[in-house]
**Q** 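The structure under discussion is supplied below as structure tokens; questions concerning it will follow.
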Amino acid sequence: MKPNLNIFAVAAALVMALFVTFGTTEGAVAQSCLDKRQIQEAVSSGQIKSLDAVLASGGVDASADILNVQVCDEGGRMVYVIAVLTSDGQAKNLVLSAQ
């Protein structure tokens, strides 16, 4: 019975990750997000924190599965938009400061 619950949790998490990735609201469409190369450059130059540092400072459980990560400009501040699947099967979208 538990494996079926995990399948549903993963499916729900993937839907949430797609929502984060593609957005369905006007605000999400207006966001300017970095591609992977830009994220690496921003971390290397010290413009933003690394994902590990942001997760640690945000108190995210190390056992959480990361489904999707974006770095976006949200009203003049850079944020990580992270879709995670927690150890108890909950899908969550987190918005954490990248600076």
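Source: prediction; values computed, not measured.
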**Q** To the nearest 0.5 Å, tell me how far Ile39 CD1 sits from Ser50 OG.
**A** 12.0 Å
**Q** Tell me, please, which residues at least two apart from Gln38 pass side chain to side chain contact (heavy atoms under 4.5 Å, CB included).
**A** Leu34, Asp35
**Q** Taking side chain to side chain contact (heavy atoms under 4.5 Å, CB included) as the test, write out the residues that go with Val60, two or more places apart.
**A** Leu55, Ala64, Leu94, Leu96
**Q** Return the set of residues passing side chain to side chain donor-acceptor pair (under 3.5 Å) with Ser97 (not counting sequence neighbours), or none when no residue passes.
**A** none
**Q** With heavy-atom distances below 4.5 Å as the criterion, would you say the side chains of Lys49 and Val43 are in contact?
**A**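 Lys49 does not reach Val43 side chain to side chain.
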**Q** Does the side-chain hydrogen bond (donor to acceptor under 3.5 Å, both in side chains) test come out yes or no for Thr86 and Asp88, once each step is laid out?
**A** CA-CA 5 Å; Thr86 63; Asp88 64 351; 2.3 Å; yes
**Q** For a 4.5 angstrom cut-off between non-hydrogen side-chain atoms, does Gln47 reach Met78?
**A** no
**Q** Mind checking whether Ile48 and Val71 have side chains closer than 4.5 Å, heavy atoms only?
**A**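 The answer is yes; the side chains approach within 4.5 Å.
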**Q** Return the minimal non-hydrogen interatomic distance between Asp73 and Gly76, and the atom names on each side.
**A** OD1-N, 2.7 Å
**Q** Could you please spell out the steps behind the side-chain contact (heavy atoms from CB on, under 4.5 Å) verdict for Ile82 and Leu67?
**A** CA-CA 7 Å; Ile82 307 164; Leu67 303 173; over 6 Å; no
**Q** Tell me whether Tyr80 contacts the main-chain N or O of Cys72 through its side chain, where contact means a donor paired with an acceptor under 3.5 Å.
**A** no
**Q** Please step through side-chain contact (heavy atoms from CB on, under 4.5 Å) for the pair Glu74 and Val95, ending with a clear verdict.
**A** CA-CA 10 Å; Glu74 185 180 81; Val95 179; 4.1 Å; yes
**Q** Asn93 versus Val81: any side-chain heavy-atom pair under 4.5 Å?
**A**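 They are not in side-chain contact.
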